Student: 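This is the structure I want to talk about, given as structure tokens.
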Amino acid sequence: MKQFHLLIFLFFSVKVMCQDIAPCKVCSSNEVYIVDSLLSKLKSLESRIYRIPVVFHVFDPSNPESKLSVEKAQKAIDLLNANFNGKSRNIDNVQNEFRDVVADVGFEFVLARKDPYGNSINGITYHRQNCKGDNSGANLTMKKQVNWNTGRNIGGTQRYLQVWLTYNVNSDDYGSGWCYLPSYDEGGKWAGPTYNYKFMGDGSSSNDDILTHEIGHYFGLSHTFGPSYNSCGDDGIDDTPITRCYTWECKIGDLCQDGNVNTENYMDYSGCTSMFTLGQKELMLYWVNQPARKSLWSDDNLKFTGVINDPDVATGIVEVEKPTISIYPNPSEGNFNIEGVDSALIKMYDLNGRLVYQTTDMNFSYNKSGVYIVVIESGNTQTKIKVVVNKFIR
């Protein structure tokens, strides 16, 4: 039997698929760094439900609203809840050898109801921008456009499980998604899956389970075949057999070292996934109780994100004692001046949390009437100011 280990290394997950969503015969791999003697700590964690607020940021150059509706987003959330808690639509197809280790992880995913500025949302933001998700694995281009996590690029506070959706997650215009392990992102601004909205279905196809795979990485899980490519490999978890990657094939029987093939595992690349194991549950519970993920499910954060209704909860990406930065005139007919800072990155959001304008000009214009939140990022601080644009007069 294998000893229980913890995976704490960078994982760059690219679920490689063809453009027409037919599987390609390619498997990505990831490193596995071993740390021993954590089983007793994992066993000591309390049994509870962990509520996780989720927001989808949708990028499309012409019509992002058509790529993800509120109804489809809720179906994705419902599927995640079923999959993470041992209630997959295909759970009855699990082989007898693995029925005793099917896990109810105890996660409850919920669409966020408030943005970081206290505005009501439906769990989705839309962005009319042509951003790909293949920026050398880091995807800073898209994640800098909208990012509701606080802190530095590496290290910070997770307020939301953010999923960035685009039409292209690699340079060849295919692929379903990728995600960093928490040991690498440390709860910073990179944390969260980059995902192809072509794989956001209605919960009836095996393609729809790929988001479960990526969020498994978000909570610390490696592939079941570990760092192997086309040979037998190990993820360090006792109840996931040593295996190899057979893309989209539902193998049964012996494969590696007389171990049965758990192709039903969400961290495999098969087309018949339907379960996590008890060992994988323990590893996810470990990470959800570490600083990189622990802030997500706190009562304060659930109030902050609107999952728990509390109208008096404080909001704001960064708390400052007293803003020294001001915008004038406000209200304005579209021309604004910023005082109190010499240089800054200025972002303007509408009340749905959508980034509508961005500049570094301390004297800027925006000619669409409405109420907006301007976020001024200077050094390590952010100041948010509500502004009103009256009808623009030329």
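A quick note: this is a predicted structure, and the numbers were derived from the prediction, not measured. Residues take their numbers from the sequence shown, with the count starting at 1.
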Student: Does Lys281 use its side chain to pair, donor to acceptor, with the backbone of Asp104 at less than 3.5 Å?
Tutor: yes
Student: Are Phe59 and Tyr126 an aromatic pair by the rule of ring centers under 6.0 Å?
Tutor: no
Student: Rounded to the nearest 0.5 Å, what separates atom CG in Leu211 from atom CG in Asn196?
Tutor: 11.5 Å
Student: Indicate the atoms forming the closest heavy-atom contact of Cys232 with Ile242, along with that distance.
Tutor: CB-CG2, 4.0 Å
Student: Hey, could you give me the OG/OH distance between Ser298 and Tyr50, rounded to the nearest 0.5 Å?
Tutor: 12.5 Å
Student: Under a plain distance cut-off of 3.5 Å, with no hydrogens placed, do Thr212 and Asn83 share a side-chain donor-acceptor pair?
Tutor: yes
Student: Quick one: do Asn122 and Leu111 satisfy side chain to side chain contact (heavy atoms under 4.5 Å, CB included)? Show the steps, please.
Tutor: CA-CA 7 Å; Asn122 57 18; Leu111 288 172; over 6 Å; no
Student: Between Ile252 and Phe98, is there shared hydrophobic-cluster membership here, with clusters defined by ILVMFWY side-chain heavy atoms closer than 4.5 Å?
Tutor: no
Student: Let's go through Asp234 and Arg244 carefully: what are the C-alpha distance in whole Å and the side-chain angles of both, what is the deciding distance for salt bridge (Lys or Arg N to Asp or Glu O under 4.0 Å) to 0.1 Å, and is it a yes or a no?
Tutor: CA-CA 8 Å; Asp234 185 11; Arg244 62 186 296 178; over 6 Å; no
Student: Each residue besides Ile308 in its hydrophobic cluster should be listed here, by chain and number; the cluster joins Ile, Leu, Val, Met, Phe, Trp and Tyr at side-chain heavy-atom distances under 4.5 Å.
Tutor: Val110, Leu302, Val307
Student: Step by step, work out the side chain to side chain contact (heavy atoms under 4.5 Å, CB included) result for Val374 and Tyr357.
Tutor: CA-CA 9 Å; Val374 174; Tyr357 182 72; over 6 Å; no
Student: For the side chain of Lys114 and the backbone of Ser120, is there at least one donor-acceptor N/O pair under 3.5 Å apart?
Tutor: no
Student: Asn363 vs Phe336, test: side chain to side chain contact (heavy atoms under 4.5 Å, CB included). Steps then yes/no.
Tutor: CA-CA 6 Å; Asn363 305 300; Phe336 294 97; over 6 Å; no
Student: Any side-chain heavy atom of Asp268 within less than 4.5 Å of one from His213?
Tutor: no
Student: Can you find a side-chain donor-acceptor pair between Ser365 and Asn367 that sits under 3.5 Å?
Tutor: no
Student: Under a 4.0 Å threshold between the charged nitrogen and the carboxylate oxygen, would Arg293 count as salt-bridged to Glu186?
Tutor: no
Student: Can you classify the ring geometry of Phe107 versus Phe109 as parallel (below 30°), tilted (30 to 60°) or perpendicular (above 60°)?
Tutor: perpendicular
Student: For Thr263 and Glu249, which heavy atoms make the closest approach, and how far apart are they?
Tutor: CG2-O, 3.8 Å
Student: Determine whether Val55 and Arg159 make a side-chain contact, defined as any pair of heavy atoms from C-beta on separated by less than 4.5 Å.
Tutor: no
Student: Taking the side chain as every heavy atom from C-beta outward, state whether Met200 and Leu165 have any pair of such atoms under 4.5 Å apart.
Tutor: yes
Student: Taking atom types as modelled, find out whether Gln162 and Tyr218 have a side-chain donor-acceptor pair closer than 3.5 angstrom.
Tutor: no
Student: Which heavy-atom pair separates Asn63 from Lys67 by the least distance, and what is that distance?
Tutor: O-CG, 3.7 Å
Student: Check step by step if ring-ring contact (aromatic ring centres under 6.0 Å, His included) holds for Tyr195 and Phe56.
Tutor: CA-CA 10 Å; Tyr195 200 70; Phe56 295 98; 8.7 Å; no
Student: Determine, step by step, whether Glu65 and Arg128 satisfy the salt bridge (Lys or Arg N to Asp or Glu O under 4.0 Å) criterion, reporting the C-alpha distance in whole Å, the side-chain angles of both residues, the deciding distance to 0.1 Å, and the verdict.
Tutor: CA-CA 9 Å; Glu65 291 84 358; Arg128 293 180 181 275; 3.2 Å; yes
Student: Which heavy atom in Asn337 sits nearest to a heavy atom in Pro329, and how many Å separate them?
Tutor: ND2-CD, 4.1 Å
Student: Distance from Lys347 atom NZ to Gln145 atom CD, nearest 0.5 Å?
Tutor: 7.0 Å
Student: Mark yes or no for whether Lys143, through its side chain, and Gly192, through its backbone, hold a donor-acceptor pair below 3.5 Å.
Tutor: yes
Student: Counting distance only, does the side-chain N/O of Asn265 pair as donor-acceptor with the main-chain N or O of Met267 below 3.5 Å?
Tutor: yes
Student: Do Thr240 and Asp235 meet the criterion of a side-chain donor-acceptor pair at a distance under 3.5 Å?
Tutor: yes
Student: Contact between Gln280 and Tyr266 at the side-chain level, heavy atoms closer than 4.5 Å - yes or no?
Tutor: no
Student: Restricting to non-hydrogen atoms, name the atom on Ser274 and the atom on Val94 that form the minimum distance, rounded to 0.1 Å.
Tutor: OG-CG2, 3.4 Å
Student: Taking all non-hydrogen atoms of both residues into account, name the closest pair between Pro182 and Ala292 and its distance.
Tutor: O-CB, 4.1 Å
Student: Below 4.5 Å, heavy atoms only, C-beta onward: do Trp164 and Asn147 meet side chain to side chain?
Tutor: yes
Student: Applying a strict under-4.5 Å side-chain criterion to I, L, V, M, F, W and Y, I'd like to know whether Val163 and Leu79 cluster together.
Tutor: no
Student: From Tyr366 OH over to Met348 CE, what is the distance, rounded to the nearest 0.5 angstrom?
Tutor: 7.0 Å
Student: Closer than 4.0 angstrom, basic N to acidic O: yes or no for Asp115 and Arg354?
Tutor: no
Student: Mind checking whether Ile346 and Val375 have side chains closer than 4.5 Å, heavy atoms only?
Tutor: no
Student: Which ILVMFWY residues are connected to Tyr328, directly or by a chain of links, through side-chain heavy atoms under 4.5 Å apart?
Tutor: none
Student: State whether the side chain of Asn90 and the backbone N or O of Cys272 hold a donor-acceptor pair below 3.5 Å, judged by distance alone.
Tutor: no
Student: With ring-ring contact (aromatic ring centres under 6.0 Å, His included) as the test, would you mind laying out the steps for Phe219 and Trp287 before giving the verdict?
Tutor: CA-CA 6 Å; Phe219 287 110; Trp287 279 113; over 10 Å; no
Student: Can you tell me how far apart OG1 (Thr277) and CG (Asn262) are? Round to the nearest 0.5 Å.
Tutor: 7.0 Å
Student: Using 30° and 60° as the class limits, which term best fits the ring planes of His127 and His57: parallel, tilted or perpendicular?
Tutor: perpendicular
Student: Within the 3.5 Å criterion, strictly below it, is a donor on Asn301 or Tyr160 matched to an acceptor on the partner's side chain?
Tutor: no
Student: What's the separation between atom SG in Cys179 and atom CG in Leu161, rounded to the nearest 0.5 Å?
Tutor: 7.5 Å
Student: Between Thr150 and Gln158, is there a side-chain heavy-atom distance shorter than 4.5 Å?
Tutor: no
Student: Kindly state whether the ring of Tyr197 and the ring of Tyr167 have centres lying under 6.0 angstrom apart.
Tutor: no
Student: Would you say that Ile237 contacts Asp239 through its side chain, given a criterion of any heavy-atom pair below 4.5 Å between the two side chains?
Tutor: yes
Student: Hydrophobic clustering (ILVMFWY, side-chain heavy atoms < 4.5 Å, transitive) - are Val356 and Leu345 grouped together?
Tutor: no
Student: Indicate whether any N or O donor in one side chain lies under 3.5 Å from an N or O acceptor in the other, for Asn119 and Tyr349.
Tutor: no
Student: For the pair Ile338 and Phe364, evaluate side chain to side chain contact (heavy atoms under 4.5 Å, CB included) and give the outcome as yes or no after the intermediate values.
Tutor: CA-CA 9 Å; Ile338 295 180; Phe364 67 95; 3.9 Å; yes
